[in-house]
Amino acid sequence: MSELIKLKINDKEIAVEKGTLLIEAAKLAGAEIPHFCYHPRLKPDANCRMCLVEIEKVPKLQTSCSTPATEGMVVRTDSKTVEEAQHGVMEFLLGNHPLDCPECDQGGECQLQDFGHQYSPQVGTFEETKRVFPKEYFGPLIEKEMNRCVSCLRCVRYCDEVIGAYALGSMNRGSHHEIGAFARQELECEYCGGCIQICPVGALTSRLSMYENRTWQLKKTETVCNYCGDGCSQTLEAVKDDLTRASSEMGTGRNGGDLCAKGFFGYGAVNHKARLSRPLIRTNEKELEVTWEWAFNKAVDGLESIKEKYGPQAIAGMISAHCTNEEIYLFQKLMREQIGTPHVDSSARYGYINAVAALNSVFGTARLVKYEDVVAADVLLVIGAALTESNPITGLKVKQALSKKGTQLITLDTASRQRETYISHLPNLATQHLQVRPESEGAAICGLMKAVIEAGASDTAPPALVDKVKKALTAISFQEVEAATGLSEADYRKAAKAYAGAKRGVMIVGRGVLRNKDGYQNMLRLAELALLSGQVGEEGAGILAMAMENNAFGAVEMGGVPEFSPGFQLNEGDKKGHTFPEMLEAAARGEIKALYLVGEDPFRSLPQKKVAEALQKVELLICQDLFPSQATAMAHIILPAASYAEKSGRFTNHEGEIQKVRMAIEPVGNAKPDWQIFSIITNKMKQKSDQPYSRLIGYDSPDAVWKEIVMSMPSTWSQGAGGDLSSATAAYADRAEISLSIKKPLDANGHFYLHVGQHLFHAGKLSTYSEGLLKLLDQEMVLIHPEDAETLGIEEGEVVSLSNGEGAAALELPVKLSKKLGRGTLFVPEHFGTAAKALLPLTIDATTQVPYGERGVVKLSKRSAG
Amino acid sequence: MAKYEPILLKNMLQPGYRGLLEEYRAVGGYTAFEKVLKEISPAEVIEIVKKSGLRGRGGAGFPTGLKWSFIPKDYPGPRYLCCNADESEPGTFKDRQLIERDPHQMLEGIGIACHAIGSHQAYIYIRGEFDLGAEIIQRALNEAYAAKYFGKNIFGTGFDLEVVLHRGAGAYICGEETALLESIEGKRGKPRTKPPFPAIHGLYQEPTVVNNVETLANLPYIINRGADWYAAIGTPKSTGTRVFCVGGHVKRPGNYEVPMGISLREMIYDIAGGIRGDKQLKAVIPGGASAPFLKPEHLDTPMDFEAIKEVGSMLGSGGVTVMDESVCIVWAATNLMEFFHHESCGKCTPCREGSAWILQILRRIEGGLGRPEDIDQLIMLCGRIEGKTVCAFGEAEVGPILSTIKHFREEYEQHIREKHCPFRPNAKLVMAH
């Protein structure tokens, strides 16, 4: 608690913390000070001059947004002089402002309207003509109307200070001043929508909802975004059942009001016309619309008869980690308790399970650090995480940490450091970037461990662990590590010294580790590295693993994986069912007869042939989803599910924060929230009742389900972070078997190393249903380093052919040049087709069965003439 | 010309003097720098400069020694000196000559100032249009570096100093000290909100002193000849000489270095030779375009900071613009407003918006479309700018308007009454924002 000082504002004495700005102090004193350029998220700029106040003994009026309160200050915000100054500024701002409030999208939530109402002079004095700027757009999504601009520069400052994209700037001078795309004709930015959100007037608005509604007609619902694991608070705004805007109120939620392109512009998927809206039954290869009553009966009968005929173990279920905690809990309960099968899995299987399982194994919890710790960290070690693309808000927290003097960022990735634009790319911001060769992350981690151990492990590390690691490391030399990764011993020593020497070191682990070969083992090694470095268990130090899906953490915690029942209770022996890849194998072998897929299209993640083989073989395939897919095309029963905007519940983000999801609109058509569907099926099976399904929902809301979850959790379950980890880590150290070896460096044989992954403007398949995001990127392409392209004589936009020489269909894609890639590597975004993935080999993790199939060697050739 | 002994212009007035290092050294150049490094502690240098009474020559006239003393004494990080060579004030051309004709005295001044404030990094921010000046400074810097006056271990004292020449890109506002700092940092030149002042958070947020060319050029002489000698020149509160740039309707326009405190009359009629064509004097701007107009009745005012302020103007940058009876005052005010409108950086509302409205009204009056209420509206608009802007530009732009209305209101009224400019009857109305 810092020092309190006393001051007087409009004769009212108040006490505030030292350093409080007058504009904030005035709020406490109950005095409103009109302002435009001031925003709590930004550094004061004092340019609008609207917040001038009178301070005793100071000759001129002062801007309250930039003046800190001091002891004994006597301030007036309501004097005649202040009023005159406010009138002056207000008339200057309104003098050139157009009279287009009736059609302006900001109308009703405009600071110029609000403050103009109270602080304008009664009569205007200007008779000259107004200045007029031509209408322009910032790209496909942002409307720029400079006639409405008050030049407060909030947009520019937000872009510079918060996002760091430096996309906007001041253009021209004096009364011709306007906001422009800095030094470029076209806006080149991350499309986070922050400039629109922070604009106090209608100068920057979204083109997605341009001229559609009046703001006061919109129904606002605060919920949580469903794209990635960051867990951002999001306000959805709707007219009837049509979503028209998404935003996030400044200062709220884990994100503090910041959003990314997906969070701000990606809401359109919900109202996409392709949404499934009626239950369907497949008869004679035709899809038939049916009532829910019929669909439920059919599903329950189908499941019952398979259970009777083949036993409960012949039924398996897979649920998307986009679903809520309540839904995943009910799904696993339906599977495990009602049907009696252990075979239940979720899309956390595609990588995040590696993190949760490894962290739980080593520390007894996966809740180690929060965003606040990331921001407060003095050393950040970011491994295999392209945060701007995969988890933009976590990326912002890293940038926020870097704004503290002396903060070090170490990045370890295959990406190259070279800067081509200001669009955030963490290696560019890093104090040390460890660019490793493809597939050598494991070797690099060994290098870091070796450097830490040789410099002396932390006193807090369990001695048994230190011994075991030391022993295992004797088999490894730096020469080997260097040969595999391309980095020198000195690089590792430098990074290890910085990380182990940190006061508060936070490690962030991303997809590059979790979704790639040896993901589980590498995650264990990283957990050990943190222990050896003393960077876990201490205040503010720890590991944060990036989730690609909004509820991947919750999916594991709610028991949506075979290895854990709710509350991370380990399932062993018969209780541990099949993982999803195992389910498909079992289905292909004829052991699994019924498959219940919720929000999951395995064709997108696993080899087409294998999936088709498995799905053809099952006698009952139930697909419950938002959109038709390759899987629904084979399903016997298709159940239309509600999207995140159409239901309530809870998501758990990758910090382990459990947050409420609230229903913004009614489900489209006849779609139903997943939790209701599970509950009805369970009750129908349990009661063998012919009652109408509406009497069988059981729970009156997701809150009732949550109550049951909380009550049924084991006593060891904790929603909070940290706690004393020493007994868990000591136990881990005792049982751990650590053997280290360096895999041979990958030889691409002169071909390219292809990496399929996430693009800045998309997340999974879902985002490709969003009109807004499609305007930013609507097709697949292959990224290549410009120097590689030059060697091959390939130009930007040229169509090239990718093949793997193993018979998979060659893929033709246009080329885009990017210096962010390492030499010899290619990148294809994963969101559109599956053909790129089909070129890549699939390996399955020996422990967690996570399927790895995002990287591999391919042949790139110019398209033959003609 | 022998009436007053020049200090800063002395060398360049010698026939054949080109401002080369060897010439400057021959007249005692860099001995003051050597002396301070070897014999005088930074604190003592600051005391000497305080005692000399030297005040900033850029416009505001802030005491130089006092400014230096604001730099935190035991600050562990770097600190900077910036030489403001962004001379852009209309009617002012003294720094240009000091730079082009005798660059080393400014460079030596930089060395002395850096020693005083403990800076090891100095920047010279030169106006973008000064191509020749930039070339000359760079040449002088090269000479000084070669002679080891800059760089590492200067005069064997262990003192290091790097001096970098930074060229502006043509914005008037970059002469404002905080805009200058932004510009050096590579950002758009826009003034910062003060406080904090540059002495605490300046260049790259480190303690920084910004001094004008002429201010710095005085330092070697103050060190070599003593504070008392300097303080004896001029008036007690405005010490030393001042290089005035006399321009406009005088017979001998040019830069004249005189002790502060001589009268405007002596400056115009004696030194600059009187009004061209022996016409009547109508108005004079005593300190650059930002300074309010004065009238013939002010001719006996001493040209020092206090006296000029007392009669409602300011000594500013030393640019004395003389206007004879043929000048239309409304036109002159409009002309100046064209400049200020063009150069307003656009950061803060009153200056950005106000300059455009004022200019439109002035153009209308000059073009014969004025309305009786326009004059009061101009005064009101000026009041809405003055004291409410981020930087001093606001005061600067309203000065000419308010002073011309104060001293020549009748002429404004005549324009409005007669619906045309009495001096330029064919003046066309120029509209446009």
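Within every chain, numbering begins at 1; the chains are lettered A, B, ... in the order of the sequence lines, protein sequences first and strands thereafter.
With a 4.5 Å cut-off on side-chain heavy atoms, A/L93 and B/R352 count as touching. Taking the side chain as every heavy atom from C-beta outward, A/Y119 and A/M50 approach each other to under 4.5 Å.
Among residues two or more places apart in sequence or in another chain, the salt bridge (Lys or Arg N to Asp or Glu O under 4.0 Å) test is passed with B/E418 by none.
Of the charged side-chain nitrogens involved, none lies within less than 4.0 Å of a carboxylate oxygen, so that B/E353 and B/K388 do not count as a salt-bridged pair.
With a 4.5 angstrom heavy-atom cutoff, B/R192 does not touch chain A via any of its atoms. For A/N172, the part lying under 4.5 angstrom from a heavy atom of chain B is the backbone only. When heavy atoms are compared at a cutoff of 4.5 Å, B/S355 does not approach chain A at all. Neither the backbone nor the side chain of A/M90 comes within contact range of chain B; no heavy atom of the residue lies under 4.5 Å from a heavy atom of that chain.
In the displayed structure, A/K404 atom NZ is contacted under 6.0 Å by more than 12 heavy atoms of other residues, nucleotides or ligands. Taking a 6.0 Å sphere around NZ of A/K135, one finds it holds more than 12 heavy atoms contributed by other residues, nucleotides or ligands.
For residues 166-174 of chain B, a heavy-atom distance under 4.5 Å to chain A picks out B/G170, B/A171, given by residue number.
Ranked by heavy-atom pairs under 4.5 Å with chain B, the first of A/E91, A/Q62, A/E127, A/H177 is A/E127.
No side-chain N or O of B/T178 forms a donor-acceptor pair with one of B/K194 less than 3.5 Å apart.
Using cut-offs of 30° and 60° for the angle between ring planes, the B/Y80 and B/Y204 rings count as perpendicular.
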